[in-house]
There are 2 protein chains.
Amino acid sequence: MKGTKAGRRGLGRVTAEEVARRLGVSQSTISRAFSPSASISDEMRTRVANAAMELGYQPNIIARSLITRRTGIVAIVIGNLVDPFYTTLLDILTDRLQAGGKQTLLFSSSRAGGLDAIMPTLLQYQVDGIVITSAAVTSDMARICAKRETPVVLLNRNVPGLDISAVCCDNVQGGRQMARHLVGLGHKRFAFVVGQPDASTSLERQQGFVSELAQAGISSCVIEQAGEYSYEAGYEAALRLAAGASRPEAVFFASDIMAIGGMDAFRSRGLSVPGDISVVGFNDVPLAAWPTYALTTVRHPWEQMAARVVDLLGVDAAAAPVRKAVTELIPGDLILRGSTGPRRDQ
Amino acid sequence: MKGTKAGRRGLGRVTAEEVARRLGVSQSTISRAFSPSASISDEMRTRVANAAMELGYQPNIIARSLITRRTGIVAIVIGNLVDPFYTTLLDILTDRLQAGGKQTLLFSSSRAGGLDAIMPTLLQYQVDGIVITSAAVTSDMARICAKRETPVVLLNRNVPGLDISAVCCDNVQGGRQMARHLVGLGHKRFAFVVGQPDASTSLERQQGFVSELAQAGISSCVIEQAGEYSYEAGYEAALRLAAGASRPEAVFFASDIMAIGGMDAFRSRGLSVPGDISVVGFNDVPLAAWPTYALTTVRHPWEQMAARVVDLLGVDAAAAPVRKAVTELIPGDLILRGSTGPRRDQ
DNA sequence: GCTCATTATGCATGCGTATGCAAAGCCGGA
DNA sequence: TCCGGCTTTGCATACGCATGCATAATGAGC
C-alpha cells in the first residue's frame with residue numbers, strides 16, 4: 001500500500017485534499033478559503049486558515065494557474081546586467097510588480113542568442129506579460145504574442161512599425177534640452193557619441209541634439225561611434241575625440257555610462273572637465289550623482305515609466321488588458337551638475 | 001455551442017490535443033514527441049514537429065510541471081539591485097542557470113519586508129531551488145524547505161547554525177592577504193570599515209585582517225562603522241576617518257562600493273590616493289578596474305562560485321540533489337592596482 | 001509459416017486546484 | 001406553520017500534459 005491516494009506520496013508537499021480531510025470538509029472548501037471573492041463563512045475561513053498553518057499548507061500556484069490561466073509571472077527581458085541603467089530599471093520594475101502581486105521571471109538577452117532564442121521558452125511559461133528593454137523585436141513575435149493575448153510592452157525602445165505598446169523617455173526632447181543648455185554656455189564645437197548605432201534611443205537623442213543645434217545656428221556636430229553602451233566604449237570614443245584635429249568643447253554621450261567612461265578618458269589626457277571640455281550624458285543613473293563625476297544629464301523618469309509599464313500590462317487583474325498598441329512618451333528632466341561649464345575664452 | 005471541447009476556447013493557446021487531431025494521432029503521441037527519452041519513431045517525431053510549427057504549438061510547461069513536479073524555475077533572492085556586487089552575481093548566476101535550462105525568478109529582499117514576506121510566495125511557485133544572497137535565514141525556513149526537499153543555497157552568506165548549504169568566498173583568508181599586502185608596503189596605522197555590522201562577510205574580513213595585522217606586530221586597528229554596503233555610507237565613513245585625530249595610512253573597506261565612495265571622500269578632502277592614504281576593497285566589481293579608481297581588492301571567484309551554486313542545487317536533472325548541507329569556501333585572489341602604495345616617510 | 005522479442009501507439013488516469021451547479025441549511029415574513 | 005430567498009457546502013469536472021499498461025505492428029530466427 002505504498003502511497004495510495006492518502007499517503008503523502010511524492011515529497012513533502014501538502015495539498016488542499018489533506019487539509020480537507022483533516023477538517024472533514026471537501027477540497028472545494030479549502031480552495032474557497034484561499035479565494036477572497038469566494039462564498040464561504042468567516043468561521044470556516046479561519047478554521048481552514050488554522051489547519052493550513054498547522055499542516056504548512058500553501059496553495060500550489062502552478063496548479064491554480066492551469067485553471068485560471070494566469071500565472072502571476074511577468075517576464076522581463078533585459079539587455080545586460082552590467083550597465084547600471086538596466087539594473088536600475090530592473091530594480092524599480094521588479095519592486096512595482098512585486099507590490100502588485102506579480103513575480104519577475106528574468107531573462108538576459110545579451111547572452112544566449114538574443115530574443116529569438118528566449119521568446120519560445122518564455123511563452124512556454126505562460127507568462128501574464130512581457131517587458132522587453134532591449135533586443136530586436138520582430139513582427140513574428142508580435143503576431144504570436146497578439147494571438148495568445150499576452151501583453152507585451154517595450155521599455156525604452158520604440159519600434160514604430162509594430163503593433164506593440166511602448167513606454168519611452170522623450171529622447172528627442174531630451175536631446176534638444178541638452179543642446180540648448182550647452183549652447184547657452186557659449187560652446188561652439190560639439191560632438192555626439194553614438195551608442196549602439198541601430199538603437200532608437202541613440203538615434204533620437206542625436207536627432208534632437210543636432211536639430212536643436214542647427215536651430216541655434218550651429219550646423220556642424222562631430223558624430224563619433226562608440227559601438228555599444230559601455231564604459232569602455234565611451235572611454236575609447238573620448239580618446240579619439242581628444243586626439244582629433246579640432247577637439248570639441250562639449251560632448252553629448254548617448255548614455256551616462258559612456259559619458260562617465262568619457263570623462264575618465266579626457267581626464268587621463270590631462271583635460272579638465274568642465275574646464276577644458278563639457279561632458280553630458282543621458283539617464284541619470286546613481287553613478288552620475290557621485291561627486292567625482294557630477295554628470296549633467298537627462299533624468300529618466302524611472303518611477304513614472306515603471307508605473308506606465310505596469311498599467312499597460314494590465315497587471316491589476318480586473319482591468320482588461322489594453323488592446324490597442326499605445327506609445328507613451330514621457331519627458332525627462334535636465335539635471336545640471338558640475339560636468340558642464342561655460343566656454344573658456346581661447 | 002460556445003466552446004465545446006474542440007473549439008479553441010479561452011485565448012489563442014494551442015494544445016497538444018489540437019496538434020493530435022490535426023495529425024490523427026493521440027495526445028500521448030504529441031507529448032512523447034517533445035520528450036527526448038520517450039519511445040517514438042523518428043518519422044512521427046518530425047511529423048509532429050512540423051505540425052507543431054505550423055500551428056504554433058509549444059508544450060505548456062506549467063501543465064507539465066504539475067506532473068513532473070519540476071518547474072525548471074530557480075528563485076534568486078537578492079539583497080539589492082543597486083550594488084554592482086549583487087548585479088554582477090545575478091548576471092553570472094542567471095546566465096549559468098539559463099545555460100542549464102533553468103529560469104530565474106527574481107526576488108528583491110531589500111524592499112517588501114525581507115525574506116519572511118517573500119518565502120511563502122516563493123514556495124507557492126514550486127521552485128526547483130532557492131539561492132539566497134542576502135537577508136536573514138531562519139531555522140524555520142530551513143526546516144520547511146528541507147521538508148519539501150527544495151534545495152537552498154546561501155551565496156556569500158554563512159550561517160553556521162543552520163543545516164543549509166553555502167557557497168562563500170574565503171573572507172578570512174582575503175582579509176589576511178590584504179593585511180600582508182598593506183604591511184608589506186610599510187604602513188603602520190590601519191582602519192577597517194564595517195559594512196552591515198551583522199553580516200558574516202564583513203565580520204570575517206575584519207577578523208582575517210585584524211588577526212593578520214596582529215601577527216605582524218600591529219595590535220591596533222581603527223574600526224569604523226559604515227552601517228551598510230553603499231557608496232554613500234563608505235563616503236561618510238571616510239570623511240570621519242579623514243577628520244579623526246590620527247588619520248590612518250591604509251583603509252580596508254569591507255566592500256568595493258564602499259571603498260570607491262571612500263576614495264572619492266578622501267580626494268574631496270585633498271588627500272591623494274595612494275599618495276597620502278592607501279585604500280582597498282573587496283569583491284572586484286567592474287567599477288574597481290576603472291582607471292579613476294584602480295582599486296586594489298580581493299577578486300571574488302564569480303564564475304567558480306556560480307558553478308558551485310548550480311551544482312549544489314542539483315540543477316542537472318539526473319544528479320540527486322545534495323542532501324547533506326555543505327559549506328564551500330572558495331579562496332579569492334588579491335588584485336593589485338593603483339589605490340595602494342608604499343608608506344610615505346613623514 | 002509460426003513464435004517471440006521489440007518497438008510504436010492508444011487508452012486511461014492523475015497531477016492540485018477552481019468553479020458551475022445542485023442540495024442543504026437558515027432566517028424572516030405572512 | 002409554511003414558503004421563498006439567501007448563504008454555505010459538496011460533487012463533479014476541467015485545466016494541459018506525462019506516463020503505466022495494454023495492444024497493434026514489425027522484424028528476426030527457426
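Side chains included, hydrogens not; waters and symmetry mates left out as well; all remaining heavy atoms used. Chain letters run A, B, ... following the sequence lines, proteins first and then strands; every chain starts at 1.
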Non-neighbouring partners of [X] that pass side-chain contact (heavy atoms from CB on, under 4.5 Å), sequence neighbours left out:
| X | result |
| --- | --- |
| A:D116 | A:T138, A:M141 |
| A:A146 | none |
| A:T201 | A:N156, A:R157, A:N171, A:A199, A:R205, A:Y229 |
| B:E328 | B:V167, B:R308, B:L312, B:V326 |

State, to the nearest 10°, the angle formed by the axis through the first five base pairs of the helix from C:dG1-D:dC30 to C:dA30-D:dT1 and the axis through its last five.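 Here the helix ends are tilted 40° relative to one another.
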Atom-pair distance ([atom1] on [X]; [atom2] on [N]), nearest Å:
| X | N | atom1 | atom2 | value |
| --- | --- | --- | --- | --- |
| B:I30 | D:dC17 | CD1 | P | 10 Å |
| B:Q124 | C:dG16 | CD | C1' | 13 Å |
| A:R21 | C:dG16 | CZ | P | 11 Å |
| A:R13 | C:dG14 | CZ | C1' | 16 Å |
| A:R69 | D:dC17 | CZ | P | 10 Å |
| A:E17 | C:dG14 | CD | P | 13 Å |
| B:R148 | C:dG16 | CZ | C1' | 13 Å |

Exam field: side chain B:S165 to backbone B:T327, donor-acceptor pair closer than 3.5 Å: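 No, the answer is negative, given that no donor and acceptor are paired below the 3.5 Å cut-off.
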Using a cut-off of strictly less than 4.0 Å between a heavy atom of the residue and any atom of DNA chain D, enumerate the qualifying residues of residues 57-68 of chain A by number.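 Within residues 57-68 of chain A, the residues near DNA chain D are A:L66, A:I67.
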Listed partners of A:D128 passing side-chain hydrogen bond (donor to acceptor under 3.5 Å, both in side chains), at least two apart: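 For A:D128, the residues satisfying side-chain hydrogen bond (donor to acceptor under 3.5 Å, both in side chains) (neighbours in sequence not counted) are A:T71, A:K102.
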Test ring-ring contact (aromatic ring centres under 6.0 Å, His included) applied to B:F107 - qualifying residues, sequence neighbours left out: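 ring-ring contact (aromatic ring centres under 6.0 Å, His included) list for B:F107, sorted by chain: empty.
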Summary of side chain to side chain donor-acceptor pair (under 3.5 Å) pairs that have at least one residue in residues 25-38 of chain A, sequence neighbours excluded: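 Found A:S26-A:T29.
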Considering only nitrogen or oxygen atoms on both sides, find all protein atoms under 3.5 Å from nucleotides 7-12 of chain C and state each distance.
| from | atom 1 | to | atom 2 | distance (Å) |
| --- | --- | --- | --- | --- |
| C:dT9 | OP2 | B:S41 | N | 3.1 |
| C:dT9 | OP2 | B:S41 | OG | 3.4 |
| C:dG10 | OP1 | B:S26 | N | 3.4 |
| C:dG10 | OP2 | B:S26 | N | 3.0 |
| C:dG10 | OP2 | B:S26 | OG | 2.9 |
| C:dG10 | OP2 | B:T29 | OG1 | 2.3 |
| C:dG10 | N7 | B:R32 | NH2 | 2.8 |
| C:dG10 | O6 | B:R32 | NH2 | 3.1 |
| C:dC11 | N4 | B:S28 | OG | 2.7 |
| C:dA12 | N6 | B:S28 | OG | 3.4 |

Pairs flagged by ring pair (Phe, Tyr, Trp, His ring centres under 6.0 Å) wherever residues 32-59 of chain A is involved - sequence neighbours left out: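 Found A:F34-A:Y57.
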Shortest non-hydrogen separation from B:S65 to B:I62 and the atoms involved: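 Between these two residues, the closest heavy atoms are OG-O, 2.9 Å.
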Test of understanding: with salt bridge (charged side-chain N to carboxylate O under 4.0 Å, His left out), list the residues that count as partners of A:D140, not counting sequence neighbours.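 Residues passing salt bridge (charged side-chain N to carboxylate O under 4.0 Å, His left out) with A:D140: A:R143.
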